[in-house]
Engineer: 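One structure, as structure tokens, below. Some questions next.
In what follows, residues are counted from 1 in the order of the sequence shown. Remember, predicted model here, so these are calculated numbers, not experimental data.
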Amino acid sequence: MKKIVLLLALFLYSIGYSQIHDPVSWSTSVEKFSDTEYDLIITSDIEENWHLYSQTVPEGGPISTTFFFGEVLVFELVGNTSEEEGHIIDDPIFGMKIKYFGNKATFKQRIKVLTENSINIEGEVEFMVCNDANCLPPTTVDLEFSIKGKLNGVNSKVTEKKTKISKNNSTVIKSKQPKSSDKGLLTIFIIAFFSGFAALLTPCVFPMIPMTVSFFTKQSKSKAAGVKNALIYGASIVIIYVLLGILVSAIFGADALNALSTNVWFNIIFFVLLIVFAISFLGAFEIVLPSSWGTKVDAQADRGGIIGIFFMALALAIVSFSCTGPIVGTLLVEAAAGGSQIGPIVGMLGFSLALAIPFALFAAFPGWLNSLPKSGGWLNTVKVVLGFLELALAFKFLSNADLVLQLHWLEREVFLAIWIAIFGVLAFYLFGKIQLSHDSPLTHISVGRLSLGILSLTFTIYMIPGLWGAPLNLISAFPPSQSYSESPYGVGFSKTGSSQSNTNHSGIPDGAHLMAPHDIMAFKDYDKGLAYAKKVGKPVLLDFTGYACVNCRKMEQNVWPKERILSILKNEVVLISLYVDDKRPLPAGEEIESKLRPGKKLKYIGQKWSEFQTIKYRANAQPFYVLMNHEEENLTNPTAYTPDVEEYYVWLQKGIKSFEK
């Protein structure tokens, strides 16, 4: 029982680990100083053994405590934010003398109000806290102040946000990092959940449902005991697979997971793995774990009680590995390549829930078995369909490696041709025109199989125009972009047409190029792009992107071509696209030492831009967009993946108007 509780605790920790430590709470108030001046007071209560750093720290030290007091329109700041004396110590973590605060700290910012009306002031504080053993990541908290006539002090609402923002050691207007990838994790969970149901319908798993139900029916002395044992069995399945996700996350670590999507060797290894999984599902061979593992686990399952039930769940995972293994492997690869350390854990949670819920329900209510369809050849059909899907997904990883190396071996047309062939053959298989060696004789086609075949054929036909330049918005995240193709403007397209009609550029300046097929002028060199922006008097749109970035392609193919957005990109900003996965070596003599990893040199162009993004904007995800002026100051808060065209348009307009002021 203790082991199960320990495993459950570890599982709960994996889901909520980022919120366990919250050692600082913030409160705000306002004090009147004169008829027009007020003090904004920010107080932090710090838990014992933790300390908060000062607003000024030595270079190379921790993140300083930094304040932002909104857009200064109806008030102005009077001086900088003041703070208490605090303590100066030799910090054991950073190895330097640093000023910090313990237990409680108070900060004051004087303002001069420029209106007689009541005003609400929104602010932020970015801070970092440490104890003698470790530090927590930089955190941002929202601050709110209300000034209503004569006021001696009002506590204001404080809302915490888990977001990182630009570091600065003074009171400044700063840029906020975009929201976290909650949607990405939700997508991983949903895909994994449905993958779990797909695994349930494979020949290795589905027939085990009645066997499991029979075991619990015989072993349980009452219906209540049966329900209890079924719930423990389902929870054990979840714990086993989530532990696998935790293991993957722990082995790779956050830094490695962030590099997976652009690392050439990782992508090639993933390609080979998925090819092996696909061939296994198509029936060439089975991937099985050593039989001795199953024998030992079965012996433990005979012990009975909670431990026995747990080992029964482990036996299910081992026995069904030939069917679930490729699916689990694919999910872990996809989740890991997403760059989030919690991604594999969320993926395994979704997969295991879908697998565990039916087993637990049928074990608790054996009568439901009568409604299940009988095992048969349709189970193998599910397995083969999954094999085709894994085969198609494998080429996405090979395409990533080709894009990063810029080899142009797997350009858009070749990629689409491969997918057309895969899904075309799948359609023929579902229609019964192709049979594999382990298929049962097909006397008729079921409605479900016919529907799936029609869907596969429709998808195949949909992709064919892409060979001649059609955008294919439904799958824009998968194939290479239209600019990475044999015919970037489409077969037979004449560049003298309307594609350039909306641009004011009479020629292409040094260092720039036109992004096909919409002829958006872009720079890949930061200095040349900034120099050109100064020359023409336009703001800069920094586009931190990657050749293997899925959401970058979605933005470029689904958002940028929209008329209002395209007009801005061509005429009102200077676009500088910095590819963080550019594997071209830096010119000889231009290798620079890494500021994030002292002692190591940056060798590739992509490393230079990746470190630039991390240091300047404290972000390492792509796409990441920054609108800035000629002094390299942000015109508005940076943003990330924004599929909503209207939202992206408003963001662009806000930055441009700020530049014009």
Engineer: Could you check whether atom CG of Asp45 has more than 12 heavy atoms from other residues, nucleotides or ligands sitting under 6.0 Å from it?
Structural biologist: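 Result for CG/Asp45: enclosed.
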Engineer: Look at the side chain of Ser352 and the backbone N and O of Leu349, then say whether any donor-acceptor pair between them is shorter than 3.5 Å.
Structural biologist: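 It does hold such a pair.
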Engineer: Please tell me whether His630 and Phe659 form a close aromatic pair, meaning their ring centres lie under 6.0 Å apart.
Structural biologist: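 Yes, the ring centres sit under 6.0 Å apart.
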Engineer: Answer yes or no on whether Arg110 is positioned over the face of Tyr38, meaning its NZ or CZ is under 6.0 Å from the six-membered ring centre and within 45° of the axis.
Structural biologist: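 Verdict for Tyr38: no cation-pi partner in Arg110.
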Engineer: Under 6.0 Å between ring centres: does that hold for Phe67 and Phe107?
Structural biologist: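 Yes, close enough.
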Engineer: List for me each residue that meets ring pair (Phe, Tyr, Trp, His ring centres under 6.0 Å) alongside Tyr526, sequence neighbours excluded, and say none if there are none.
Structural biologist: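 If we apply the ring pair (Phe, Tyr, Trp, His ring centres under 6.0 Å) test to Tyr526, skipping adjacent residues, the hits are Phe612.
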Engineer: Please check if the number of heavy atoms outside Tyr604 that lie under 6.0 Å from its OH is greater than 12.
Structural biologist: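 Open: at most 12 neighbouring heavy atoms sit under 6.0 Å from OH of Tyr604.
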Engineer: Between Lys524 and Tyr579, is NZ or CZ placed under 6.0 angstrom from the six-membered ring centre and within 45° of the ring axis?
Structural biologist: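 Here Lys524 passes the 6.0 Å and 45° test against Tyr579.
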Engineer: For Thr106, enumerate each residue passing the side-chain hydrogen bond (donor to acceptor under 3.5 Å, both in side chains) test, keeping only those at least two apart in sequence or located in another chain.
Structural biologist: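 Once residues adjacent in sequence are excluded, the partners of Thr106 under the side-chain hydrogen bond (donor to acceptor under 3.5 Å, both in side chains) criterion are Glu84.
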Engineer: Parallel, tilted or perpendicular: which fits the ring planes of Phe624 and Tyr617, with parallel below 30° and perpendicular above 60°?
Structural biologist: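 Rings of Phe624 and Tyr617: tilted, 30 to 60°.
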Engineer: Any Lys/Arg nitrogen of Glu83 or Lys108 sitting under 4.0 Å from an Asp/Glu carboxylate oxygen of the other?
Structural biologist: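 Between Lys108 and Glu83 there is no salt bridge, as every charged N stays at least 4.0 Å from the carboxylate O atoms.
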Engineer: Are Ile565 and Tyr648 close enough that some pair of their side-chain heavy atoms sits under 4.5 Å apart?
Structural biologist: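 A side-chain contact under 4.5 Å exists here.
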